[in-house]
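Residue numbers start from 1 in every chain, and the chains themselves are labelled A, B, ... in the order their sequence lines are given, proteins ahead of strands. This one's a predicted model, so the numbers in the text were calculated from it and none came from an experiment.
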2 protein chains.
Amino acid sequence: MPERKPRKDAVRNRAAVLAAADELFASRESPQAVTMADVAAAAGVGKATLFRAFGDRTGLILALHEARLAPIGEAVEQGPPPLGPGTPPRERLPALLDALLCFKIDNRHLALALEGTGSDSPYRTEHYEWWHSTLKAVLEQLPDVTDSGFTAHALLAATRADLVEHLVGRQHTSREQMRAHLAAFTHKILPPQVPRG
Amino acid sequence: MPERKPRKDAVRNRAAVLAAADELFASRESPQAVTMADVAAAAGVGKATLFRAFGDRTGLILALHEARLAPIGEAVEQGPPPLGPGTPPRERLPALLDALLCFKIDNRHLALALEGTGSDSPYRTEHYEWWHSTLKAVLEQLPDVTDSGFTAHALLAATRADLVEHLVGRQHTSREQMRAHLAAFTHKILPPQVPRG
DNA sequence: ACACGAAGCGGACCGCGGGTCCGTATAGTA
DNA sequence: TACTATACGGACCCGCGGTCCGCTTCGTGT
C-alpha cells in the first residue's frame with residue numbers, strides 16, 4: 001500500500017479547520033455567509049492549507065457532515081432495534097425517518113450547507129444514495145409496495161434541509177411537532193396493518 | 001396613479017431578454033451554466049439593460065417562471081374540473097399535483113433555476129406560498145386530516161425540481177412513469193374512501 | 001547533533017460572475 | 001426642430017472559490 005502517514009502539523013491543521021468550520025457554520029445565519037477565507041482565518045491557517053486538506057468547499061462540508069452522520073450510520077447498519085437491521089419494517093421505517101429528521105434538525109446548518117453547494121445535485125452524493133437504498137430495502141419488505149424507489153425519494157424529500165430550516169428556523173415549529181408531523185405522514189404511507197391470527 | 005408607461009424600446013428589449021433567457025436556460029445543461037452576460041449578449045443588449053428590467057438574476061428567472069405558470073394558476077383558480085375549485089377534494093388533490101409535476105417536467109430548466117438561486121430559500125417565494133395554501137385548503141376539506149400544513153409541504157417536496165431532474169433527466173424515468181408514481185404516492189395520503197350509502 | 005529531502009505552509013494572485021456607474025443616444029413632446 | 005426624460009451599454013468594481021510558488025518545518029538516516 002502506497003499510503004504514507006501524514007505529518008503531525010497536517011493532522012493538527014486539519015482538525016483545527018474542521019473545528020473552526022463547524023463553529024462558523026453553526027453561528028452564522030446562512031451557510032453561504034461563511035467563506036473559505038473566513039474558515040482559514042478562524043482556524044489560523046492559510047487558504048491553501050484548507051484546500052489541500054479538503055479539495056474544495058464541498059469536500060470540507062462533506063467531511064463535517066460525515067463526521068456527524070457516522071454514529072447514525074453505524075446504528076442503522078449494525079445497531080439494536082428500532083434502527084438496526086433486526087427490526088420489523090413497520091417499526092423500522094418510521095424510526096429511520098425520525099432519526100434522519102432529528103439529525104437534520106440538530107445539524108441543519110450543515111445539512112443546509114450540504115444541499116446548497118449549488119455545484120451539483122444533492123441526489124448524487126454518497127450519503128443520499130445510502131439513505132435511499134436503505135429506505136428502499138425496508139419498503140420492499142412490506143406487502144403491496146410497488147414504487148419503493150420513488151416512495152423512498154418522496155419520503156426523503158419530506159426531510160429536505162431547507163424545508164426543515166423553513167419550518168423550524170423561520171416558523172419556529174418545535175422539534176416535537178416536526179417529529180409528530182413526519183411520523184403521521186410516514187404512517188399514512190405504510191400499508192394498512194394486516195390483522196394477525 | 002404615478003405609473004408612467006415605459007418607452008417602446010424598453011418593452012422591446014424586455015421581450016428580447018425574456019426570449020433569449022428562455023432559449024438559453026432550455027439549451028444549456030445546467031442553469032448555472034448560463035450567466036447574465038450570456039443572456040445580455042444573446043439578447044443583443046447591454047448588461048445594465050437586463051438588470052434595469054429585472055432587478056437581479058432571481059428577478060429574471062421569476063419573470064420567466066411566472067409567465068409559464070400563469071395559465072395553470074388560472075386553471076386552478078377559476079377553471080373547470082378537475083383543476084378548478086368546483087372539484088371534490090379527492091379528485092382535485094391528485095389533479096393539482098399531477099399538473100404541478102407536468103409543469104416541473106416540461107419546464108425543469110426553469111424550475112431548477114428558480115429553486116437553485118442559492119440566494120434565498122425556495123420556501124419564501126410567492127409561488128410556493130400559493131401552491132402550499134392551495135393544497136392545504138384542499139386537504140382541509142378531507143376528513144381526518146390534521147397536519148394539512150405539513151402534509152402539503154411534504155407532497156410538494158415530492159415534486160422538487162432537482163428530484164424531477166434526477167429521475168427524468170439523469171435516470172431517464174419516463175414522464176408517464178413519474179406521473180404514475182406520484183399518483184400512487186398521493187393516493188396513499190388520501191384517507192380511505194368512506195363508502196357511500 | 002546534524003544535514004537534507006520531502007511534505008506542508010501561506011498569502012499574493014487569478015478568473016469569473018453578479019451587479020453598478022456614467023457618459024451617450026434616442027423616444028416622446030411642444 | 002429643439003429639448004428633456006428615459007433608456008442604453010460596456011467599462012468597471014467587488015467578493016469569492018481556487019491555484020501558484022518561494023519559504024518553512026517535519027522527520028528520518030547517519
Side-chain angles (χ1 to χ4, degrees), chain A residues 1-21 24-25 28-65 110 112-120, chain B residues 1-21 24-25 28-64 112-120:
Chain A
M1 56 178 75
E3 293 289 318
R4 344 197 101 241
K5 61 178 176 184
R7 264 163 50 170
K8 280 183 184 169
D9 52 352
V11 313
R12 183 170 40 75
N13 281 332
R14 183 186 170 93
V17 167
L18 281 172
L24 277 181
F25 278 120
R28 295 265 226 276
E29 263 315 299
S30 149
Q32 51 199 357
V34 22
T35 116
M36 296 303 267
D38 287 342
V39 175
V45 146
K47 279 179 64 176
T49 296
L50 190 159
F51 282 97
R52 202 174 312 111
F54 299 97
D56 60 2
R57 184 172 224 266
T58 303
L60 171 59
I61 295 169
L62 230 49
L64 281 168
H65 197 262
L110 284 183
L112 212 47
L114 185 61
E115 291 182 14
T117 47
S119 55
D120 45 358
Chain B
M1 54 178 76
E3 293 288 319
R4 342 196 103 243
K5 62 179 177 183
R7 262 164 51 171
K8 281 183 183 170
D9 52 352
V11 313
R12 183 171 39 76
N13 281 333
R14 183 187 170 92
V17 166
L18 280 173
L24 278 181
F25 278 120
R28 295 264 227 275
E29 263 315 301
S30 151
Q32 51 199 354
V34 21
T35 120
M36 297 303 266
D38 287 342
V39 175
V45 147
K47 279 179 65 176
T49 297
L50 190 160
F51 281 98
R52 202 175 312 112
F54 300 97
D56 61 1
R57 187 175 224 265
T58 304
L60 171 59
I61 295 169
L62 229 48
L64 281 168
L112 212 47
L114 186 60
E115 292 182 14
T117 48
S119 55
D120 46 358

d([atom1], [X]; [atom2], [N]) in whole Å:
X: B/Leu24; N: C/dG17; atom1: CG; atom2: P; answer: 13 Å
X: A/Leu50; N: D/dC16; atom1: CG; atom2: C1'; answer: 13 Å
X: A/Arg52; N: D/dC20; atom1: CZ; atom2: P; answer: 12 Å
X: B/Lys5; N: C/dA27; atom1: NZ; atom2: C1'; answer: 12 Å
X: B/Gln32; N: D/dC16; atom1: CD; atom2: C1'; answer: 15 Å

Inset, instruction - Give, ordered by number, those residues of residues 36-48 of chain B having at least one heavy-atom distance below 4.0 Å to an atom of DNA chain C; if nothing qualifies, reply none. - result: B/Met36, B/Lys47, B/Ala48
Legend entry - Interface residues of residues 11-21 of chain B with DNA chain C (non-hydrogen, below 4.0 angstrom): none
Legend entry - Any pair counted as salt bridge (Lys or Arg N to Asp or Glu O under 4.0 Å), so long as it reaches residues 6-17 of chain A, sequence neighbours left out: A/Arg7-A/Asp9
Inset, instruction - Give every residue pair that meets the salt bridge (Lys or Arg N to Asp or Glu O under 4.0 Å) criterion with at least one member in residues 44-61 of chain B, sequence neighbours excluded. - result: none
Legend entry - Contact under 4.0 Å: A/Thr35 side-chain N or O vs D/dG17 OP1/OP2: yes
Inset, instruction - Check whether any side-chain nitrogen or oxygen of A/Thr49 sits under 4.0 Å from OP1 or OP2 of C/dG8, and answer yes or no. - result: no
Work out which heavy atom in [X] is nearest to a heavy atom in [Y]; give both atom names and the distance.
X: A/Leu110; Y: A/Ile61; value: O-CG2, 4.2 Å
X: B/Ala43; Y: B/Val17; value: CB-CA, 3.8 Å
X: A/Pro31; Y: A/Phe25; value: O-CE2, 3.6 Å

Legend entry - 5'-most by nearest nucleotide on DNA chain C - B/Pro6 or B/Thr58: B/Thr58
Sub-3.5 Å pairs of nitrogen or oxygen atoms, protein against nucleotides 23-26 of chain C:
from   : atom 1 : to     : atom 2 : distance (Å)
C/dT26 : O2     : B/Arg7 : NH1    : 3.4

Inset, instruction - Any chance you could lay out the side chain to side chain contact (heavy atoms under 4.5 Å, CB included) test for A/Leu18 and A/Leu60, step after step, and finish with the verdict? - result: CA-CA 8 Å; A/Leu18 281 172; A/Leu60 171 59; 4.3 Å; yes
Inset, instruction - Counting heavy atoms from C-beta on, name the nucleotide in D/dG9, C/dG28, D/dT19 closest to the side chain of A/Phe51. - result: D/dT19
Inset, instruction - Apply side-chain contact (heavy atoms from CB on, under 4.5 Å) to A/Asp38 and list each qualifying residue two or more places apart in sequence or on a separate chain. - result: A/Leu24, A/Arg28, A/Thr35
